[in-house]
Amino acid sequence: MEKGFAMEQVILQKEARLLAWKHSRNPWKRLLTEIWKYRVSYVFLIPFASIFILFTVMPVAISIFYSFTYNNMLQPPKFIGFANYIKLFTNDDVFIIALKNTLIFAVITGPVGYALSFLVAWLINELPNKLRAVFVLIFYSPTIAGSIYVIFAILFSGDFYGYINASLIRYGIIDQPIEWLVDPKYMSFVVILCVLWTSMGAGFLAFVAGLKSMEKQYFEAASIDGIKNRWQELWYVTLPLMKPQLMFGAILSITGAFSIHEVTIALLGFPSTEYAAHTVVNHLFDYGYLRFDMGYASSISTILFVIMIGCNKAINHLLRKVGN
Amino acid sequence: MNIEINIKHNPSLNIINVKRVCMKKILIFFFVAVMAVLVIRLSAARNATPQETGEEAPNVQISATMQDDLNSDAIIREYSQYLLDKSGAARGTEDVLVPFEKLKEAGGKFSIRNGAIVIGEDGFADISVHVPQSGFYQLELNYMPIPGRSAAPEIAVRINHEIPYHQAETIMLDRIWQDKDTQTEVDANGNDVRPAQKEKEVWTCIRVMDSTGYYVQPLLFYLNQGENTITIKDNREPVLLKEITVCAPKEIPDYDQYIGNFPDKKLAAESASRIQAEKAAWKNNPTLLPASDRTSPLTEPYRGAKISLNIIGGYTWSMTGEEIAWTFNAPEDALYEVRLKVKQNFVRGTYSGRTLRIDGEVPFKEAENIKFFYNSQWQIITLGEKNKPYYVYLTKGEHQLSMQVTLGDLGETLNTVDLCTRDINGIYRQFLMIMGHTPDNMRDYKLDRQLPEVFVLMSDVADRLDAVVQDMSELTGTRGTELLSLTKMSMTLREFVDKPYEIPGKFNIFTSNMSALTAWKNDASIRPLALDYIDIAAPGTVLPRITPTFLQSVSHSVQMFIASFMENYNSLGSASNGRNTVTVWSTTGRDQAQILNQLIKSNFSGQSGINVEIQLVKPDIILPSTVAGNGPDIILYADQKLPVNFAIRGAAVDLSQFEGFDETIGEFRESAMTPVKFNGGVYGVPEMETFPMLFYRKDILKELNIDLPDTWDEVLKVIPILQRKNMSFLMENGISAITDPNFASGNDENTAQDVFAMLLYQRNGRFYEGDGIRTLLDQEIAIETFKDWCKLYTNFGLPTNFNAAYRFRTGESPLIVANMALYNTLMVSAPEIKGLWGMATVPGTVDKNGKVNKAVKTKTTYTVMTKTSKEKQAAWKFIKWWVSADTQEAYSRGLESLMGTAARYMTANLEAFSRLPWATKDLQAILEQGKWTVGLQEVAGGYFLPRHINNAFRSVVINKAEPRESLIDYAGIINEELTEKRREFGLPVYSK
C-alpha cells in the first residue's frame with residue numbers, strides 16, 4: 001500500500017508541475033510543455049532537423065560570424081566588427097559593379113527563365129503522352145548534362161573560325177571577328193543567353209508534373225461556371241491549383257539567378273574583362289579563394305543571403321495574387 | 001612627335017567592284033606607310049631603352065645553324081617513286097657481309113669500342129662494299145644501342161653520298177626491353193603493380209625497314225656493280241654496329257609451299273603449356289606493358305576485384321612496328337596449331353594486323369599479316385583459314401614466338417592518304433593566299449586561270465583518294481561511314497575543279513573536310529589488339545571456353561559491386577608500419593602517381609628507411625585540408641602562386657634552412673627559383689619548367705622565301721609578307737578568354753601577361769619595385785613596351801584568338817611564338833608535317849649596343865613542404881631525392897614509356913632535361929632559350945598583375961582606348977591592392 005501511494009504521489013506531483021508549467025508566464029516553460037505533449041512528432045522530426053541544422057543553419061550562422069572577422073584561412077580569425085561591411089559598401093567599386101550585374105542578370109534571367117519554363121511546360125502539356133516525354137527530355141537535357149554550357153564557348157569563340165563569327169562573316173554581317181567573350185559589350189549578352197538556355201531546370205519539371213496531375217473535374221466545373229477561354233482557364237483554374245509548384249519554381253529561379261558564377265568563369269574566364277560580367281558570387285570567389293580573405297567573402301555572402309530572402313518574400317507576396 | 005595612324009588592317013578584303021579595288025591599293029599603301037612608321041618608331045623606342053646592368057648577355061648563334069637547316073631541307077622523293085625510277089632493275093642474288101674488321105676501316109666520324117664501331121649523334125660511317133652485280137639489295141644491320149636511354153636510335157642510310165628516298169632518312173633501330181622482375185609485384189592494397197622495364201643489352205640483327213610502317217617489306221636499295229659507299233649516319237642516340245650485310249631480297253613461301261616441306265611430319269599429340277601474354281620475353285617498346293582486364297572472369301589469371309595484370313596490349317600495342325615476343329617449350333617434334341585469345345573491340349570497319357614470327361622468321365606468307373576483325377567479346381583465333389588451320393612445324397625444345405603490329409596491305413594506302421594530305425594542305429595555302437580565310441561569295445576569283453597547276457593537282461588528288469577508298473573497301477570488306485571523310489574530300493575537290501566559281505562559297509567546307517581527313521588518317525593508322533594468352537596446341541584438341549557460365553558471371557558482378565565500396569584505388573604506396581611516413585599529395589593522374597610510386601619503392605624507401613604515401617587529390621582541396629590540419633607533408637605540382645601564398649600566411653616551410661639545399665637547387669635555372677623566394681626564404685623546389693619558343697614551318701618559309709626572324713624588327717618585316725598571302729604570325733595566348741579548364745583553382749596562368757613579360761624583359765624592364773612594394777607598369781619602359789605590343793594587334797592586325805596547333809598544321813601560320821608544350825601536341829597530332837617544322841629561340845629585341853636580348857618568362861610547378869608536417873627532415877630527404885637529376889630523368893622516361901611522346905615531361909632539372917631523348921637541334925634551341933629565362937617574382941597581391949594587364953590590353957585592342965592612359969590607370973589599381981595586402985601582412989608600404 002505504502003508503495004502504491006508513493007507512486008501516486010509522484011505522478012500527481014508531476015501532473016501538477018506540468019499543469020503549472022502549462023499556465024506559467026514563462027513562455028519557455030510553456031513551449032517545453034507543448035514539446036513534451038507532441039514528443040512523438042518531434043522524434044519523427046529529428047532526422048531531418050539534425051541534417052538541416054548541421055548542413056544549412058550552421059554554415060549560414062558560421063558564415064555570418066566570420067563576416068565580422070579577419071580570416072585568411074591559414075591563421076585563426078580575428079574579430080574586427082563591422083569593418084568588412086564598411087569596406088564593402090564604401091570602398092569596393094568592384095562589389096557595386098558585381099551587385100549591379102547580378103541584379104541585371106537576376107531581373108532578366110529570373111523572371112524570363114521562369115516564365116519560359118512555365119510557358120514551355122504548359123505548351124508541352126497539350127501534347128500526347130509519348131511525345132511529351134520526348135520534349136521534356138529535350139528541354140531538360142541542358143540541365144542534366146551539367147557543364148554543357150562550355151559549348152557556348154565554342155559557339156561564341158572569338159576566332160574567325162568560331163561558329164557564330166564564321167557565319168556572321170560569311171553572310172557579310174560583320175567583316176572582323178567579334179571577341180564575344182572578351183569584349184565587355186557582348187559578354188553579358190552571351191552569359192544571359194546561356195543562362196536562359198539552361199534555365200529549364202527542376203522548376204520546369206515541377207511545372208510539368210503539376211500540370212499533369214491536374215484533375216479534369218475542375219476544368220469541367222469551371223466551364224459550367226462560365227469560363228470563356230483558355231486564358232481565363234489558365235488564370236482562374238490552372239495557376240491557383242499550381243501554387244505550390246509555382247512557389248518551388250520561383251525559389252529555384254531566384255537562387256539560380258543570384259548565384260550565376262560558373263557560367264561566367266567557363267565562358268569569360270576569371271575575372272571577366274574589366275569586371276564587366278562580374279557577379280556577386282564571382283566576387284565572393286575572388287576574395288575567398290584567390291585573395292584568401294574569408295572574412296570579407298563571408299560578408300559578401302551574408303549580403304547575398306539577405307537579398308535572396310528579401311526577393312523570396314516579395315515573390316511570395318506576388319504569388320498570393322495569382323487567381324485573384 | 002606622336003603620330004598615331006590607326007588603320008584596321010583587314011586580312012580579308014571583300015572586293016566587289018573597281019572602286020573597292022582602288023580602296024585595296026590605297027589600303028596597302030597605307031599599310032606599308034604604317035609599317036614603315038612603326039619600324040622607325042620601334043627602333044627609336046629600342047634606342048631609348050636604358051641599359052640596366054653591365055652584365056654580358058650571351059650572344060645568339062643558334063639561328064645561323066637553324067637557317068642552314070631551313071635551306072637544306074629539299075623535298076626528297078618517295079620510296080614508291082624510287083622503285084618506279086629504278087623499275088626493271090634486277091634483284092641482287094648474293095649476300096655480301098661486311099664484318100667488323102672491314103667496318104672499322106670505313107671513313108667518317110665514329111669511334112671503336114670492343115669489337116664494334118660506335119656512331120654517336122651526328123656521327124657517320126662511310127662503308128665501301130663490293131657488290132658482284134647491280135640490282136636491289138636489302139641491308140641487314142647487327143647493332144646494339146648504347147644502353148641507358150629510352151628513345152630508340154634513329155639512323156639515316158645514304159647510298160653513294162646520295163639520299164635515295166626520304167624513308168631512308170629516318171630508320172629506327174629498336175631497343176629491346178623486358179620486365180625488371182619476372183614476379184609481378186603487389187602493392188599495399190593487394191593490386192598488381194606494373195612491372196618496371198629494363199633494357200636488354202643484346203645484339204640485334206634486323207633488315208632495314210620503313211619506320212612509318214607504310215611499306216611492310218624491308219627497304220630496297222639499288223647498288224651498282226663494283227664498289228659502292230654506304231653511309232650510316234646517326235640522327236639520334238648513339239649506336240654500336242658490329243656487322244653489315246648487303247643481302248639479296250628474301251622471298252617468303254606461301255603456306256602450301258611451307259607445309260610441302262614437311263610431308264611426313266606427324267601432328268602433335270600434346271599441346272605446349274599455355275603462354276600467358278602478359279609474361280613477355282621481350283618487347284621493342286617499353287610502353288608495351290601488361291594491362292588489367294576485369295570484364296570477364298575467364299581472363300587469366302583472374303583475381304576478382306583486385307587489379308590483376310592479366311593481358312597485354314590494347315591501345316598501347318597499336319603503333320606499327322611494335323613487337324612482343326614470348327618463349328615456350330614444344331613437347332615434341334611435330335606440327336602444331338597456333339591459337340590466340342584476343343579482343344579487338346577497338347577499331348571498327350577495318351582490321352588490326354599482326355606479323356607472326358617463330359624464332360625470328362615469318363614461317364609463311366599468310367603469317368605476315370594476320371587480320372583481327374572487330375568483335376566486342378574475347379575470342380579464340382586459330383591461325384589459318386576457316387575450317388582449315390595452318391600448322392607450324394616445331395622441333396622439341398625452346399622456341400620464340402613474336403607478334404608485330406603491321407599495317408599490312410593498308411600501309412601503302414595510308415601512305416597515299418598522307419601524301420594527299422600534304423598536297424591538300426598545299427592547295428589550301430594556295431587558295432588562302434588569294435582569297436583569305438573568309439572569301440567573298442559573290443566574287444569570282446578566277447582561280448582556274450590564276451592557279452592552273454593547282455587544278456591539275458586537285459583532280460589528281462581526287463583520283464588518288466578514290467583509289468584509296470576502292471582499296472580500303474576491298475581489303476577490309478567495309479564501306480560507308482568509315483570512309484566518308486575520304487569520299488567527301490574527293491567529291492569536294494572534283495566539284496572545285498568543275499566549278500571553280502563555287503570555291504569561295506564552299507571554302508569552309510573544304511577546311512572542315514581537311515581536319516576530318518587528318519583525323520581519319522590518325523585513327524586509321526592505329527592497330528590495337530588485346531591478347532590474353534597463346535596456345536601452341538595439338539591439332540584437334542578442344543578449344544578452351546571463353547564465355548563464362550551464368551554462375552561465373554553473377555559471382556563476378558557481385559564481387560565487383562562489393563569491391564566498389566571497399567577498394568581505395570586513390571591511395572598508393574606502402575602502408576605505414578610505424579616508421580617515418582611522409583604523405584605526398586599529387587594532383588596529376590593515376591599513371592603519373594604510379595610511376596612515381598614505383599620509383600619510390602625501388603630507389604628511395606629502401607635506402608632511406610622512409611615510407612612515402614602518395615594520395616591523388618583535386619587541386620581545390622589542398623587549401624581547405626591544410627586549414628583543417630589534415631594537409632599532407634608535401635604538395636607536388638603546386639602552381640606558381642601557391643608557395644609564396646602559403647608562405648606569407650605561415651603555412652609553408654622555408655626550405656633553404658635544410659642541409660644540402662644549395663646543391664639541390666644548383667641543378668635549376670635561377671629563373672625557376674625567383675617565384676618561390678619571399679622575405680629571404682625559399683618555399684618550393686622546381687619540378688617542371690616551360691617557356692615560349694618560336695615554332696616555324698620550314699617548307700612554307702622556304703616557299704615564301706622568308707628567313708627565320710631573329711629580332712622583332714625582322715618580325716615586323718615578315719608580318720606584311722605573310723599577310724599579303726593571307727597568312728599570319730601568331731603569338732599564343734594573345735587574348736583568349738578561357739583561362740583554365742580546371743577553373744575551380746582560379747588559375748589565370750594563360751594570360752596575355754606572358755607575351756607582355758617577354759617584350760618587357762627583353763628591354764630590361766621589370767614588373768615590380770623591390771620585393772613587390774609597387775608595380776613599375778607606370779614607368780616609361782613599361783608604357784613604351786605596352787604601346788608597341790598593342791600596336792602589333794591594333795595596327796598590324798595579329799589575330800587575337802585562334803587554335804595554334806590547327807593553324808600551324810595547315811600552314812596558315814608558319815611562325816608561332818608559343819609555349820614549348822606545343823612540341824608535344826605537334827609530335828602526336830600532326831604526323832603529316834613530321835620533319836617539316838622546327839623550334840627556335842623567340843625573336844629578340846636589339847639593345848643600343850646591337851646585342852639581341854631574347855628574354856622570356858618561365859612557368860614552373862613546384863614541390864612544397866607544409867608547416868603542419870611532423871616529419872620535416874624525412875620530407876626534405878624525399879624532396880631532395882625527387883628533384884634530383886636521376887629521379888627526374890627516370891620519372892620522365894617512365895611517363896614517356898607509359899604514355900608516349902605526348903607525355904614528354906619538361907623537367908626543370910637541367911641535367912635531367914639534357915638526358916631526355918631530344919633531337920639534337922631541338923635540345924640546342926631549348927637550352928639556348930633557357931639561358932634567357934626570367935622568373936616573375938610572386939608578391940603579396942600579385943594576382944592583380946595578370947588580371948589588370950589583361951584588362952589594359954583588352955581595353956586598348958578591343959575598345960581602342962589610349963594605351964598610355966589605360967596602363968597607368970590599371971597600374972594605379974594594382975598599386976592600391978599591393979599596398980592593402982602589404983598592410984595586411986605588416987610589410988613596409990610604398991609612400992611617395
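Order of the sequence lines fixes the chain letters, A, B, ..., with proteins taken first and strands second; residue numbering starts at 1 for each chain.
Here B/Phe953 contributes atom CZ and A/Thr273 contributes atom OG1; the two are 11.0 Å apart, rounded to the nearest 0.5 Å. Atom CZ of B/Arg947 is separated from atom CD of A/Glu274 by 13.0 Å, given to the nearest 0.5 angstrom.
For CD of B/Glu965, the number of neighbouring non-hydrogen atoms (other residues, nucleotides, ligands) closer than 6.0 Å is 12 at most. Environment of OH in A/Tyr163: sparse, with no more than 12 heavy atoms of neighbouring residues, nucleotides or ligands closer than 6.0 Å. Annotation: B/Tyr806, atom OH; neighbour count of heavy atoms from other residues, nucleotides and ligands within 6.0 Å is above 12. Within a 6.0 Å radius of NZ in B/Lys618, other residues, nucleotides and ligands contribute 12 heavy atoms or fewer.
For chain A, the nearby part of B/Glu980 is the side chain; its heavy atoms alone come within less than 4.5 Å. For a residue to count as touching a neighbouring chain, one of its non-hydrogen atoms must lie under 4.5 Å from one of that chain's; by this rule A/Tyr171 does not touch chain B. For A/Pro177, no part lies near chain B; criterion is any non-hydrogen pair under 4.5 Å. With a 4.5 Å cut-off on non-hydrogen atoms, A/Lys87 touches chain B through its side chain but not through its backbone.
The only member of B/Ile958, B/Asn950, B/Val957 that meets side chain to side chain contact (heavy atoms under 4.5 Å, CB included) when paired with A/Val182 is B/Ile958.
Residues A/Glu179 and B/Arg954 are not paired through a salt bridge, judged by the lack of any N-O separation under 4.0 Å between the basic side chain and the carboxylate.
One N or O on the side chain of B/Lys981 and one on the backbone of A/Arg291 form a donor-acceptor pair closer than 3.5 Å.
The shortest heavy-atom contact between A/Ser272 and B/Asn951 is O-OD1, 4.1 Å.
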